[in-house]
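Note sheet for the following structure.
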Amino acid sequence: MLLLFAVARAGDFEERDPYWEARAGVENLSGQPLLRPDTWSWSGVTGDWYQNSPLWNDILGLGWLAGGFWGLFAVTLLVIGGYLLLAFFLGLLLGGRPLPALAAVILTVSPAISMINPRGTLVVEVLILGAVVVAVWAANGPLARGGTALAAGAVLVGSAAWSTVGNWMHLSFLMISPAMAVVLIPVWWLAPLPRARRVALIVASGVGWAVGPLASPYGLVRGLQHSSEVARVCEGLILEWVSPFSASSPWVFWLMAMVAIVVAGLITWWVVWRLRRGDRSVAMGGLLALSLIGVPAVLAGLTAIRFLGVALLTLAPVAAVAATDAVGMLRRWLREHSHPGLLARTQGDYWRPLVAAAVVVLLPWALVVGSNHGVPKELSVVEKLPAGCVLFAPGGMSGTAVLTRPDVKVWIDGRADFYGRAHLILTYHYFMLETPQLVPDQATCVMMDRKAKESDQLAAALLASPDWRVIAEDDRYVVWVPAD
């Protein structure tokens, strides 16, 4: 079931940043410096640009070089399938049972589907869950063998390596690394080990996780400065940095916020309930680690949508265990109150054929959607852009042009932090017809989505303008060039 979800999602996702990130990765692999001047746009913005996910860009670039869109599809399937399977497996490791865990993971992750795409943020989730898996597994046995120095050394080296990889995968790990050192303390403290060894593991873990930020691509100070600049530029302008309750937010994100609040509230109550009942297992430590990330992320998500996705993706394994507990309590109640018919419907034997039938029904859908293999819907019109033209288009569509049409220069793409807040605002003014001219004077080609809320007004104005003529279109996307 989870693999069907992964195949379908890898074949068709809305996010366009992975396309320009793949171009960045290709350039990195060709030997270009990590910090370099912009060569993709004609915006006039000067200075070097920072890659927020350099190592992930390289992986996307390798996928593109290996197989074009099929290569990107393979990388995307790997990260999406990896996350879903890891969330499910971690739920089982922490005490969940297969069917309740499967249902809980699907229900918890589904509202955050906009985050299920080949961006570095999903790779960060894989690294967070993977760190908890390794810590719980190690605390349950391997760290009991050998001396304290050997155990502490293994945790130190492992944490340092994990943290360093994370910081190269995505700059958000500058803040996540120290957070991981803190949230993993319950795992080490609840391990069935002598007190001195547990303290040594906590210290080793803290030191190890601190190494990554020091070894980050741009250094600790510059990396933190850039991270704060990203937030400053994007706040209130880029959708994922807008409050879900903002008037400009689609209703689906309001619903996402409600689901996240409910999930966080129920999980908080359930974790406290288990602690009060005396659960001091290593698995409880893992549940605490995930909850200490996911629940605060819900609060942050009330001001920026991106954190709601982080919360739901992090809490999915916790929800898997909570759902298992809930089913167990329901079964005990039904048994005590003599409801054999309803009790039978809580058994795995009752649900397995239904799950198998659902897989059979959904398989053709997953294969059909997956067969698109990540090809952006606008590709057919991007391919018809005039050679070497100077493009004005929304940032998402321009991301496709950056990868597939390197001869075309773009006005803006997904690198919002590079272009800056003033350039973003000017772009929105063009979209809202609040500028003297329809598009910047230097533009020699324009591409718009006439059904998108952000650009439908400008698309309609261009279609009505005698100064522009259509040279390519489909049922949604249109390309214009000057009429003369």
Side-chain angles (χ1 to χ4, degrees), residues 1-15 17-18 21 52-53 55-57 59-60 63 72-94 96 98 101-137 162 165-166 168-170 172-173 176 179-180 183 240 256 259-260 263 267 286-287 289-291 293-294 297-298 301 305-321 323 362 366 369-370 373-374:
M1 182 74 77
L2 294 176
L3 287 177
L4 294 183
F5 185 96
V7 168
R9 190 62 182 161
D12 187 14
F13 51 87
E14 302 81 18
E15 185 60 56
D17 281 0
E21 289 172 346
N52 295 330
S53 53
L55 182 54
W56 180 241
N57 293 353
I59 295 172
L60 290 171
L72 288 180
F73 172 77
V75 173
T76 303
L77 180 59
L78 183 64
V79 69
I80 293 178
Y83 164 76
L84 292 172
L85 293 176
L86 190 57
F88 176 68
F89 173 75
L90 182 52
L92 299 184
L93 182 66
L94 297 178
L102 177 64
V105 167
I106 291 174
L107 291 175
T108 306
V109 166
S110 293
I113 191 171
S114 60
M115 295 279 288
I116 306 295
N117 57 59
R119 285 181 63 187
T121 45
L122 187 61
V123 183
V124 167
E125 285 295 329
V126 171
L127 291 172
I128 290 173
L129 299 192
V132 176
V133 167
V134 173
V136 170
W137 167 77
W162 209 279
V165 170
W168 279 82
M169 280 292 186
H170 199 275
S172 63
F173 242 79
I176 291 172
M180 291 302 297
V183 303
E240 64 182 33
M256 180 181 177
V259 171
V263 168
I267 282 177
L287 294 170
L290 295 171
S291 299
I293 297 173
V298 173
I305 290 170
R306 64 183 284 118
F307 296 110
L308 293 177
V310 170
L312 291 170
L313 296 181
T314 305
L315 291 173
V318 185
V321 185
L362 293 174
V369 177
H373 62 280

key: Shortest non-hydrogen contact from Phe13 toward Pro118   = CZ-CG, 3.7 Å

inquiry  = How close do Trp162 and Phe173 get, counting heavy atoms only, and between which atoms?
reply    = O-CE2, 4.4 Å

Taking distance alone, no hydrogens or angles, what donor-acceptor pairs closer than 3.5 Å link side-chain atoms of residues 72-92 to residues at least two apart or in another chain?
{"residue": "Thr76", "atom": "OG1", "partner": "Leu72", "partner atom": "O", "Å": "2.7"}
{"residue": "Tyr83", "atom": "OH", "partner": "Leu313", "partner atom": "O", "Å": "2.6"}

ask   = Under 4.5 Å between any side-chain heavy atoms of Pro111 and Leu312, yes or no?
value = yes

key: Shortest non-hydrogen contact from Val109 toward Ala316   = CG2-CB, 3.9 Å

By ring-ring contact (aromatic ring centres under 6.0 Å, His included) - contacts of His170 (at least two apart) = none

inquiry  = Please give me the minimum heavy-atom distance between Ala104 and Ala319, naming the atom from each residue.
reply    = CB-O, 3.4 Å

query = Would you call Val310 and Thr121 a side-chain contact if the rule is heavy atoms closer than 4.5 Å?
reply = no

ask   = Minimum heavy-atom separation for Leu308 to Ala260, with atom names?
value = CD2-CB, 3.9 Å

Ile113 vs Phe5 side-chain heavy atoms within contact, under 4.5 Å = yes

task = Indicate the atoms forming the closest heavy-atom contact of Ser114 with Arg9, along with that distance.
result = CA-NH2, 3.9 Å

inquiry  = Could you walk me through whether Val132 and Leu93 satisfy the side chain to side chain contact (heavy atoms under 4.5 Å, CB included) test, starting with their C-alpha distance in whole Å, then the side-chain angles of each, then the deciding distance to 0.1 Å, before giving a yes or no?
reply    = CA-CA 10 Å; Val132 176; Leu93 182 66; over 6 Å; no

ask   = Does Thr314 have any side-chain hydrogen bond (donor to acceptor under 3.5 Å, both in side chains) partners at least two apart in sequence or in another chain, and if so, which?
value = Glu125

request  = Please examine the side chains of Ile106 and Leu2, heavy atoms only from C-beta on, and report whether any two atoms are closer than 4.5 Å.
outcome  = yes

ask   = Is the closest side-chain heavy-atom distance between Met169 and Val124 below 4.5 Å?
value = no

